[in-house]
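Ligands are counted one by one from 1 in listed order, and the atoms in each one are counted from 1 as well.
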Amino acid sequence: MKINYVAVIGGGTMGNGIVHVFAQNGYNVQLLDQNEELLKNALTTITKNLDRQVKKEVITEEVKTSTLSNIQILTNASKLNKSTNLVIEAIYENKDAKLELFKMLNNSMPPEVIFASNTSAISITELGAATRPDKFIGMHFMNPVPMMKLVEIIRGFATSDETYDLIKTTAESLGKVPVEVFDYPGFIANRILMPMINEAIFALYEGVASKESIDTVMKLGMNHPMGPLTLADFIGLDVCLAIMEVLLDGYNDAKYRPCPLLKKMVAANKLGRKTGEGFFKY
Ligand code: NAI
């Protein structure tokens with residue numbers, strides 16, 4: 001089987017990037033989101049990012065045009081293409097919301113369609129067990145998707161070798177580097193990254209240093225391209241909190257407790273770039 005028709009569910013920070021890379025590499029892509037305005041925003045972001053690639057001479061104007069012509073937007077799941085071979089979910093990091101969506105898709109889509117989740121930390125095994133275990137897999141892209149090479153490919157307990165091989169090849173066809181990971185909370189990327197970000201937030205909360213100083217230490221001292229607080233704003237503080245909660249719940253180890261300041265900022269809807277303010281203002 002070859003994948004050529006892809007449906008992406010959720011066109012936010014990650015979804016629009018996933019649509020971008022698939023469409024740029026010749027796949028027919030449908031993007032489903034909750035309303036027209038969100039879809040329009042996603043298309044505007046994709047167009048802006050393609051314009052930047054043209055300006056930097058990474059792609060030609062023709063590639064930009066063909067990429068956009070490969071994308072179709074929709075608000076109703078019943079309009080998903082009958083030829084769809086792969087569904088990639090990139091909705092909010094909320095297990096119940098993801099389960100509800102996948103159960104609905106499982107009832108309406110043919111059994112051979114592969115389901116993938118871009119979840120940062122939620123169990124692929126659990127999402128798979130509720131739907132089609134052998135055809136369910138984690139496809140964890142990094143932000144910003146068009147720029148970042150890595151894709152963690154997460155094998156759930158029952159993911160078949162056939163599904164894994166096909167998704168690995170598909171990731172490679174996008175110019176990405178897939179890495180095989182087994183299904184434990186946070187996988188690899190967030191199990192290592194998120195406790196570091198959470199610790200930076202604790203350092204701020206305890207008054208150890210200013211937010212600027214904390215970011216400068218990690219940038220100049222560890223050669224990180226971006227400080228942890230800037231990175232948290234970039235990822236979205238709601239996403240960071242959701243990942244810490246999955247780690248705490250999954251390992252039952254207090255070292256993963258989310259910092260009270262992170263919880264307070266999410267409660268105040270200061271989610272980072274996407275709301276215009278997090279640790280920094282945008
Ligand atoms: P986001 O909040 O920017 O976008 C989520 C989108 O999903 C929104 O446009 C929303 O309208 C849509 N949506 C929600 N429920 C829906 C439904 N039932 N049907 C259709 N559309 C629906 O979220 P973001 O940051 O793009 O995250 C998406 C997923 O990717 C999450 O699971 C997150 O953990 C994961 N992720 C996020 C990264 C990041 O840096 N933000 C990095 C890697 C993974």
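From the protein, the heavy atom lying nearest to atom 4 (O) of ligand 1 is G12 CA, 3.3 Å. Atom 30 (O) of ligand 1 has its closest protein heavy atom at N118 ND2, 3.0 Å. Ranking protein heavy atoms by distance to atom 20 (C) of ligand 1, first place goes to I9 CG2, 3.6 Å. The protein heavy atom nearest to atom 32 (O) of ligand 1 is E93 OE1, 2.5 Å. Nearest protein heavy-atom neighbour of atom 23 (O) of ligand 1: K274 NZ, 4.4 Å. Distance from atom 14 (C) of ligand 1 to its nearest protein heavy atom, with residue and atom name: Y92 CE1, 3.3 Å.
Ion pair K95/E126 flagged as a salt bridge, since at least one NZ, NE, NH1 or NH2 atom sits closer than 4.0 Å to an Asp/Glu carboxylate oxygen. One finds a salt bridge joining R155 and D161 here, because a Lys/Arg side-chain nitrogen approaches an Asp/Glu carboxylate oxygen to under 4.0 Å. Salt bridge annotation for K98-E93: present, with a cationic side-chain nitrogen under 4.0 angstrom from a carboxylate oxygen. Using a 4.0 Å cut-off between a side-chain N of Lys or Arg and a carboxylate O of Asp or Glu, E172 and K176 do not qualify as a salt bridge. Ionic pairing of K274 and D233 is not present here: no N-O contact between side-chain nitrogen and carboxylate oxygen is shorter than 4.0 angstrom.
The contact set between ligand 1 and I235, taken as ligand atoms under 4.0 Å from a residue heavy atom, comprises 39 (C), 40 (O), 41 (N). Here is the list of ligand 1 atoms found below 4.0 Å of a heavy atom in H140: 43 (C), 44 (C). Below 4.0 Å from some heavy atom of T119 lie the following atoms of ligand 1, by number and element: 32 (O). Atoms of ligand 1 lying under 4.0 Å from any heavy atom of F141, numbered from 1 in the order shown and given with element: 43 (C).
The closest approach between any non-hydrogen atom of K98 and ligand 1 is below 4.0 Å. In this structure, A97 falls outside the shell of residues with a heavy atom less than 4.0 angstrom from ligand 1. No heavy atom of F234 sits closer than 4.0 Å to any atom of ligand 1.
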Might you work through the ring pair (Phe, Tyr, Trp, His ring centres under 6.0 Å) test for F102 and F136, ending with a clear yes or no?
CA-CA 10 Å; F102 276 121; F136 202 104; 4.8 Å; yes
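Looking at ligand 1, you'll find an N or O of M14 within less than 3.5 Å of one of its N or O atoms. Considering both main-chain and side-chain atoms, S120 comes within under 3.5 Å of ligand 1 through a nitrogen or oxygen pair.
By heavy-atom distance, the residue among N35, L101, I91, D33 lying nearest atom 12 (C) of ligand 1 is D33. Evaluated by nearest non-hydrogen atom to atom 5 (C) of ligand 1, the leading choice among G10, A90, A77 is A90.
Under 4.0 Å from ligand 1, the heavy atoms of L38 that appear belong solely to its side chain. Under 4.0 Å from ligand 1, the heavy atoms of N143 that appear belong solely to its side chain. With a 4.0 Å heavy-atom cut-off, ligand 1 is reached by the side chain of V239 but not by its N, CA, C or O. Residue M142 does not touch ligand 1, judged by heavy-atom distances below 4.0 Å.
Without hydrogens or angle criteria, T275 side chain to L271 main chain gives a donor-acceptor distance under 3.5 Å. A donor-acceptor pair under 3.5 Å links the side-chain atoms of N190 to the main chain of S120, judged by distance alone.
The cationic atom of R132 (NZ for Lys, CZ for Arg) lies less than 6.0 Å from the six-membered ring centre of F115 and within 45° of the ring axis.
For the residue pair T170 / S173, no side-chain donor-acceptor distance below 3.5 Å is found, with atom types taken as modelled.
The nearest pair of heavy atoms linking L38 to Q34 is CD1-CB, 4.1 Å.
Crowding of K168 atom NZ: a count of heavy atoms from other residues, nucleotides or ligands under 6.0 Å not exceeding 12.
Contact annotation: the side chain of V87 approaches that of M109 to within less than 4.5 Å [non-hydrogen atoms, C-beta and beyond].
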